[in-house]
Structure formats: C-alpha cells, structure tokens
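Quick notes on the structure that follows.
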Amino acid sequence: MVIDFKSGKIVVTPFELVVRLNGEHRVTLQAQSEAVQLIGKGANVISVNGSEAKWSIKLDNEQQLQQIAAELGCEIL
C-alpha cells in the first residue's frame, strides 16, 4: 500500500514500513513492522525504536495512521 502525505510517500507492507521524503536529498526511512509504534489521539505520529535506529515522523491526519495500522496489523496507542 502506498500512502501520500504532504512530505512524501509511505510504503507499507505487513512486514515493513518505508517513508520517502520529498526534497533535494530524497531521504528514505525504513523499519521492520515489529519496531513501529503508531501514536494517535491527535498526535498522528509513526515512531520507530529499534536496536540500530530511532526516528519518528508526524502524519497529516488520523486516517493515514489508521490505514497504516490496518496494513501492519497493529494497534494505535
């Protein structure tokens, strides 16, 4: 599944999540599904905390967060 948001694209499979940010540097963030936490209640944030990396990104709206949760099969905190 591909989700467009104002800063780029999010590619989600049941096993991983890839965020591709727009801009000159074309930053790509990738995480395995077990390292992903979805934070709702107005925050609408993807948070990744793995042994090698830690990052987070704010989404445009809760609908995007719900789509990611459905694809990954995880809950929104």
Side-chain angles (χ1 to χ4, degrees):
M1 165 187 286
V2 177
I3 300 169
D4 290 314
F5 74 116
K6 69 180 176 184
S7 297
K9 293 182 184 278
I10 302 167
V11 181
V12 186
T13 72
F15 309 105
E16 72 176 350
L17 180 137
V18 177
V19 179
R20 294 185 180 146
L21 299 177
N22 294 334
E24 179 182 345
H25 300 292
R26 301 297 298 162
V27 175
T28 300
L29 305 168
Q30 184 174 358
Q32 297 299 313
S33 59
E34 50 277 342
V36 175
Q37 283 188 322
L38 304 176
I39 304 167
K41 298 180 183 170
N44 304 327
V45 171
I46 299 170
S47 176
V48 173
N49 191 359
S51 59
E52 293 86 20
K54 186 178 205 177
W55 56 268
S56 63
I57 192 159
K58 183 166 176 51
L59 301 176
D60 300 335
N61 56 56
E62 191 168 345
Q63 181 184 6
Q64 294 166 334
L65 203 63
Q66 291 171 351
Q67 290 175 312
I68 293 168
E71 187 68 25
L72 289 178
C74 68
E75 63 182 55
I76 299 173
L77 304 177

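In this view, Ser33 and Leu72 satisfy the side-chain contact (heavy atoms from CB on, under 4.5 Å) rule, not counting sequence neighbours. Leu21 pairs by the side-chain contact (heavy atoms from CB on, under 4.5 Å) definition with Phe5, Ser7, Val19, Val27, Ile57, not counting sequence neighbours. Taking Ala35 as the reference, Val48 meet the side-chain contact (heavy atoms from CB on, under 4.5 Å) condition, with sequence neighbours excluded. Partners of Gln64 according to the side-chain hydrogen bond (donor to acceptor under 3.5 Å, both in side chains) rule, which considers only residues two or more places apart in sequence or in another chain, are Asp60. Qualifying side-chain hydrogen bond (donor to acceptor under 3.5 Å, both in side chains) partners for Asn49, counting only residues two or more places apart in sequence or in other chains: none. Scored by the side-chain contact (heavy atoms from CB on, under 4.5 Å) test, Ile39 finds Ala43, Val45, Ser47 as partners (sequence neighbours excluded).
The list of salt bridge (Lys or Arg N to Asp or Glu O under 4.0 Å) pairs with a residue in residues 8-23, not counting sequence neighbours, reads Asp4-Lys9.
The two atoms that bring Gly40 and Leu65 nearest to each other are CA-CD2, 3.6 Å, heavy atoms only.
Here the CG-CD distance, from Leu38 to Gln67, works out to 12.0 Å after rounding to the nearest 0.5 Å. The line from NZ of Lys58 to CG of Asn44 is 5.0 Å long, rounded to the nearest 0.5 Å. Once rounded to the nearest 0.5 Å, the distance linking CD1 of Ile76 with NZ of Lys41 reads 11.0 Å. A distance of 11.5 Å separates CG of Leu59 from CD of Gln66, quoted to the nearest 0.5 Å.
Hydrophobic clustering, defined by side-chain heavy atoms of Ile, Leu, Val, Met, Phe, Trp and Tyr closer than 4.5 Å, groups Val18 together with Val2, Val11.
The environment of NZ in Lys54 is sparse: at most 12 heavy-atom neighbours from other residues, nucleotides or ligands sit within 6.0 Å.
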Assess the residue pair Val36 and Ile68 against the criterion (side-chain contact (heavy atoms from CB on, under 4.5 Å)); give the C-alpha distance rounded to whole Å, side-chain angles, the decisive distance to 0.1 Å, and a yes or no. CA-CA 10 Å; Val36 175; Ile68 293 168; 5.5 Å; no

Let's go through Leu77 and Glu75 carefully: what are the C-alpha distance in whole Å and the side-chain angles of both, what is the deciding distance for side-chain contact (heavy atoms from CB on, under 4.5 Å) to 0.1 Å, and is it a yes or a no? CA-CA 6 Å; Leu77 304 177; Glu75 63 182 55; 3.5 Å; yes

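A 4.5 Å side-chain heavy-atom check between Ile10 and Ile46 finds at least one atom pair inside the cut-off.
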